[in-house]
Amino acid sequence: MLDRTLLTLSAVTTAILLSWQLYYSSYGLDLSDEGLYLNFIANPFPYAINIPPSLFGFVYHWPYQWAGGDIAVLRIANVTLTMALGWIVSFLTIRRLWTVGKPQAAVLSAGMASLALSGSYFWVFTPNYNSLNVQSLFMVMIGLLLADRPGRIHQVLGWILVGVGGWCCFMAKPTTAAAIALVVMLYVVVLRRKSLLPMFGAALVALALLIVTASLIDGGITGLVTRMVNNVEVETLLGAGHEVSLMYRIDWPATSRLQLAIAVLMATALLLSILLGATHKLLPSLVLAAVLIITIAIALLGTDPISIKPSTLFLVPAFTCFGAMFYREGLVLRTQAPTGIALALTFLVLPHLYALGTTGNYWTLGSKAALFWMLAVVAFLSPLGQQGRSVATLLPLTVLAQLLTASAVNAGILKPWRQVKDVRAYTAVTPLPGSGKLVLSQPFHDYLATARAQARAAGLEVGTPVVDLSGRSPGLLYVLETRALGLPWLIGTASGGVPVEGTFDAQLVLRGYLGTNAAAVKALGLENCADLAKAWLLIEPDGPRHLDQAGVIASFGAGHADYVIAATFETPVNDGDFPNAYRQFLLKPVRPPALAEQSCREARRERPHSQKWSQ
């Protein structure tokens with residue numbers, strides 16, 4: 001009865017956590033990163049290069065169209081898909097290693113899968129390369145677990161899913177795709193040598209999808225390779241630290257003594273709950289019920305007594321595994337099965353493979369895939385399930401995952417990335433392109449409404465090409481329904497920015513992106529001169545990340561005298577790295593398009609050969 005009561009309460013908690021996430025999916029918008037995502041998803045085909053080097057926009061473009069451009073619907077679908085995939089991989093892991101009935105496994109895995117929503121700590125819900133990356137890893141692991149089940153259908157479906165997941169992973173992040181391919185090979189070679197042929201079948205599925213993708217996007221594999229090479233060149237030119245020599249590194253978890261103490265206490269309480277549950281059922285059950293009630297209170301009331309950081313999502317599982325090694329003279333280690341060891345190690349490294357290639361701290365970015373760390377604990381403690389204690393052991397893990405999820409989501413609500421504090425206080429319903437609306441802070445709503453009204457009054461039409469030299473407002477171009485030239489986001493320098501705790505390496509943020517102007521010139525060099533000739537400009541002369549207007553527009557034969565100010569508006573302040581308001585100007589071209597196009601062609605002919613692209 002205690003188990004049934006706790007499982008029911010856990011199921012209710014899971015439903016509340018998911019509903020909470022879905023409800024607030026329509027709140028907030030970051031004009032920088034989410035602006036990049038939306039510009040690329042809405043119209044990915046005009047861009048010959050991609051920074052970051054990801055093709056996620058092509059994957060999410062059709063779902064975006066099916067949703068009618070409704071960002072809220074797209075976000076809800078993204079959250080639901082992530083949760084569903086996390087649920088399936090958790091369910092298959094529990095059923096593979098533990099003796100648990102399907103109903104109990106469904107409830108336990110659903111609660112554990114709530115940790116798939118830990119990326120909400122950064123409050124970015126719009127589908128992007130990170131969400132596609134973690135969804136791809138879920139698919140690959142679901143495929144491997146299915147292929148390990150008896151039955152021909154399971155095996156065929158599993159290896160097809162591995163291939164599809166590998167292709168999605170390449171579309172999201174090629175560095176992670178290369179790493180996961182190696183992990184799959186090692187996993188198969190160690191556990192199932194007879195699976196080499198099906199593994200090659202999965203590779204063929206991924207290759208076939210890649211060939212079709214290359215044909216649709218770039219006319220063939222050669223065009224796709226050229227795109228990737230150009231992507232790497234621009235990344236290197238940007239100076240953001242994406243070089244191969246900096247990719248393989250060991251970062252130190254960005255944590256504090258307080259977070260270490262919280263992690264140790266949580267791991268200790270978890271182990272005590274697991275180990276005492278065999279002899280003293282009532283006390284651990286009461287504690288678990290109290291934790292679930294606290295979790296619900298965090299979701300409904302916004303009060304968070306623990307306030308975890310991303311690093312804690314790793315430290316708790318790590319300390320739990322470490323402490324479990326001392327139980328009964330190393331029982332967990334002595335009785336490990338090869339499958340349990342392989343899965344535990346695979347789950348343990350997947351968040352780092354997810355973050356591979358980023359310039360940020362690998363532990364911090366890896367926390368977006370924190371479910372894998374918890375599943376590593378599930379695999380590592382699987383010998384305890386052989387003693388008939390499956391539910392008693394897994395239930396505390398599930399409850400802990402739910403508590404960590406609630407704290408992470410609540411942190412995102414209170415301090416959303418580059419936005420005003422406390423999403424719950426947003427009240428301004430803002431219509432956006434398509435049929436959707438988002439709830440924003442009142443100053444942000446006023447900024448977008450003013451910019452849109454002035455732009456339309458100045459004659460800016462839907463679909464007009466615009467060069468964004470603000471360095472940080474690609475989302476404004478999306479709201480104005482224009483086409484961002486060069487890249488979905490011409491990234492501006494971050495030099496002199498303020499490091500955000502637990503998000504990026506302080507050294508990188510202070511150094512900034514050193515080659516933003518050169519990268520913008522390179523990207524715009526691939527645009528058609530006819531589009532550049534009629535393009536408007538968005539500038540922010542005193543902004544913290546503005547690009548060099550004179551240098552960039554000179555690359556396509558334009559100067560200051562070729563534009564007039566058509567609209568002026570001030571950016572809203574936020575509680576992130578942009579605490580001050582800056583004036584933005586929308587500039588309208590005044591030269592005849594034919595003359596501007598001719599000047600563009602002449603400027604390109606005069607450019608040194610080393611600055612030209614081979615297409």
I'd like to check [X] versus [Y] (side-chain heavy atoms, cut-off strictly below 4.5 Å). Are they in contact?
{"X": "K368", "Y": "N133", "value": "no"}
{"X": "I41", "Y": "P127", "value": "yes"}
{"X": "H546", "Y": "Y582", "value": "no"}
{"X": "L440", "Y": "V420", "value": "no"}
{"X": "L381", "Y": "W98", "value": "yes"}
{"X": "L260", "Y": "L315", "value": "yes"}
{"X": "F569", "Y": "Q454", "value": "yes"}

Test your reading of the model: is there a side-chain donor-acceptor pair from [X] to the backbone of [Y], 3.5 Å cut-off?
{"X": "N361", "Y": "W252", "result": "yes"}
{"X": "H352", "Y": "V349", "result": "no"}
{"X": "S54", "Y": "M171", "result": "yes"}
{"X": "T295", "Y": "V291", "result": "yes"}
{"X": "S136", "Y": "C169", "result": "yes"}
{"X": "W363", "Y": "T255", "result": "no"}
{"X": "T13", "Y": "L9", "result": "yes"}
{"X": "K173", "Y": "G357", "result": "no"}
{"X": "S390", "Y": "V100", "result": "no"}
{"X": "S407", "Y": "L404", "result": "no"}

For [X], enumerate each residue passing the ring-ring contact (aromatic ring centres under 6.0 Å, His included) test, keeping only those at least two apart in sequence or located in another chain.
{"X": "F138", "answer": "F372"}
{"X": "W123", "answer": "F125"}
{"X": "F40", "answer": "F56, F58"}
{"X": "W87", "answer": "none"}

side-chain hydrogen bond (donor to acceptor under 3.5 Å, both in side chains) partners of [X], counting only residues at least two apart:
{"X": "Y37", "result": "none"}
{"X": "S114", "result": "T405"}
{"X": "S120", "result": "Q21"}
{"X": "S118", "result": "none"}

Minimal non-hydrogen separation, [X] against [Y], with atom names:
{"X": "T320", "Y": "A267", "answer": "OG1-CB, 3.6 Å"}
{"X": "T312", "Y": "P317", "answer": "O-CD, 4.2 Å"}
{"X": "A581", "Y": "E570", "answer": "CB-OE1, 4.2 Å"}

Do [X] and [Y] pair up side chain to side chain, a donor and an acceptor below 3.5 Å, judged on atom types alone?
{"X": "Q402", "Y": "T14", "value": "yes"}
{"X": "Q584", "Y": "S473", "value": "yes"}
{"X": "E540", "Y": "T571", "value": "no"}
{"X": "R545", "Y": "S470", "value": "no"}
{"X": "Y447", "Y": "Q442", "value": "no"}
{"X": "Q135", "Y": "T82", "value": "yes"}

Reported CG-to-CD1 distance for the pair L265 and I306, which is rounded to 0.5 angstrom: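 L265 CG to I306 CD1: 11.0 Å, rounded to 0.5 Å.
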
Nearest-0.5 Å distance that lies between atom OH in Y24 and atom CG in N410: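 That separation rounds to 9.5 Å.
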
Residues D33, D30; criterion side-chain contact (heavy atoms from CB on, under 4.5 Å); working and verdict: CA-CA 6 Å; D33 290 273; D30 168 32; 3.5 Å; yes

Option passing side-chain contact (heavy atoms from CB on, under 4.5 Å) with M112 (candidates L375, V377, T93):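 With M112 as partner, side-chain contact (heavy atoms from CB on, under 4.5 Å) holds for just one option, L375.
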
Atom CZ of R583 with >12 non-hydrogen neighbours under 6.0 angstrom: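 Open.
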
Steps toward ring-ring contact (aromatic ring centres under 6.0 Å, His included) verdict (W373, F314): CA-CA 6 Å; W373 285 327; F314 165 76; 5.1 Å; yes

F322/F319 aromatic ring centres below 6.0 Å: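 Distance test on ring centres: not under 6.0 Å, no.
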
Contacts of L345 that satisfy side chain to side chain contact (heavy atoms under 4.5 Å, CB included) - sequence neighbours left out: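 Residues passing side chain to side chain contact (heavy atoms under 4.5 Å, CB included) with L345: I341.
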
For A411, side chain to side chain contact (heavy atoms under 4.5 Å, CB included) partners two or more places apart: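 Only Y121 meet the side chain to side chain contact (heavy atoms under 4.5 Å, CB included) criterion with A411.
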
By salt bridge (charged side-chain N to carboxylate O under 4.0 Å, His left out) - contacts of R96 (at least two apart):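 Partners of R96 by the salt bridge (charged side-chain N to carboxylate O under 4.0 Å, His left out) criterion, ordered by chain and then number, come out as D148.
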
Sequence neighbours excluded and cut-off under 3.5 Å, please list the side-chain donor-acceptor pairs for residues 430-438, or say none.
from : atom 1 : to   : atom 2 : distance (Å)
T430 : OG1    : A428 : O      : 3.3
T430 : OG1    : H445 : ND1    : 2.9

Residues R75, S26; criterion side chain to side chain donor-acceptor pair (under 3.5 Å); working and verdict: CA-CA 7 Å; R75 288 175 172 181; S26 60; over 6 Å; no

